[in-house]
Amino acid sequence: REAANNFATRYVEFGGGDPVRSLQALGGTIMGTVEVVYTSTVAIRAAAKFAGTNTIGSQTGVGGALISVVEDVTTPLMAALWALFAFAIGLAYYLPLLPSIYFLFGVINWFFDIIEGILAMPFFAISNSMPEGSGPFSVYTQNAASAWFGIIARPPLMVGALMASHYVLKVATMLAL
């Protein structure tokens, strides 16, 4: 437990107290380590192949066993390294982009809402001319008003939420340290 706390504290301090930057640095470290271990594994496999074959190119008895043992040991290691590399890519590249990705898809969704509102406007106009419901606003008018309110209110709410998420992350980081 103590080792895990020391490891986590070291990476949070490395990122200047920013947990996202710390995890990005951890992902970069993992990627570098995986690259070195993977390259070493490939070199060991190549050396075993070289040592296990004679000058004619056929495998000798001891050489064939050496190649078999090295391949049996390094194959699961290489598979684990690929999984670890994928995890490191997620930490180093995907995690820091998540707020931007959410914001981008929010903007795309807002454009689709605008197109939907433009296409639905004639139907809203027709439905507002129907005298249904009690009071000045019918159910159809309330639906149209809520759709247009969503289109008008979403941009400032999205920008405010993006800014608030950065401030919340800073406050949470200060409280965690």
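Hydrogens, waters and symmetry mates play no part in the numbers below; they use all other heavy atoms, side chains included.
- Every pair passing ring-ring contact (aromatic ring centres under 6.0 Å, His included) that includes a residue from residues 78-102 is listed here, sequence neighbours excluded: Tyr38-Trp82.
- Under the 4.5 Å side-chain heavy-atom criterion for Ile, Leu, Val, Met, Phe, Trp and Tyr, Val42 and Val36 are members of distinct hydrophobic clusters.
- Remark: the backbone N or O of Leu162 is paired with a side-chain donor or acceptor of Ser165 at under 3.5 angstrom.
- The CD1 atom of Ile89 lies 11.5 Å from the CD1 atom of Ile30; values are rounded to the nearest 0.5 Å.
- In this view, Glu71 and Lys49 satisfy the side chain to side chain donor-acceptor pair (under 3.5 Å) rule, not counting sequence neighbours.
- Phe123 and Ile115 sit in two unconnected hydrophobic clusters of ILVMFWY residues. Membership requires side-chain heavy atoms under 4.5 Å apart, directly or through other members.
- Residues Ala153 and Pro156 approach most closely at O-CD, 3.4 Å, considering heavy atoms.
- Looking at heavy atoms from C-beta onward, Leu95 lies out of side-chain contact with Gln24 at the 4.5 angstrom threshold.
- Counting heavy atoms from C-beta outward, Met31 and Leu91 have side chains that stay 4.5 Å or more apart.
- Val34 and Leu77 end up in the same hydrophobic cluster when Ile, Leu, Val, Met, Phe, Trp and Tyr side chains are linked at under 4.5 Å.
- Atom CZ of Phe111 sits about 11.5 Å away from atom CD1 of Ile151, to the nearest 0.5 Å.
- Between atom CD1 of residue Ile152 and atom CD1 of residue Ile114 there is a gap of 10.0 Å, rounded to the nearest 0.5 Å.
- The same ILVMFWY cluster, assembled from side-chain heavy atoms under 4.5 Å apart, contains both Phe105 and Phe112.
- Looking at every heavy atom in both residues, Gly27 comes nearest to Ala88 through O-CB, 3.4 Å.
- Trp110 and Leu157 end up in different hydrophobic clusters when Ile, Leu, Val, Met, Phe, Trp and Tyr side chains are linked at under 4.5 Å.
- Residue pairs meeting the ring-ring contact (aromatic ring centres under 6.0 Å, His included) criterion with at least one member in residues 143-169: none, sequence neighbours excluded.
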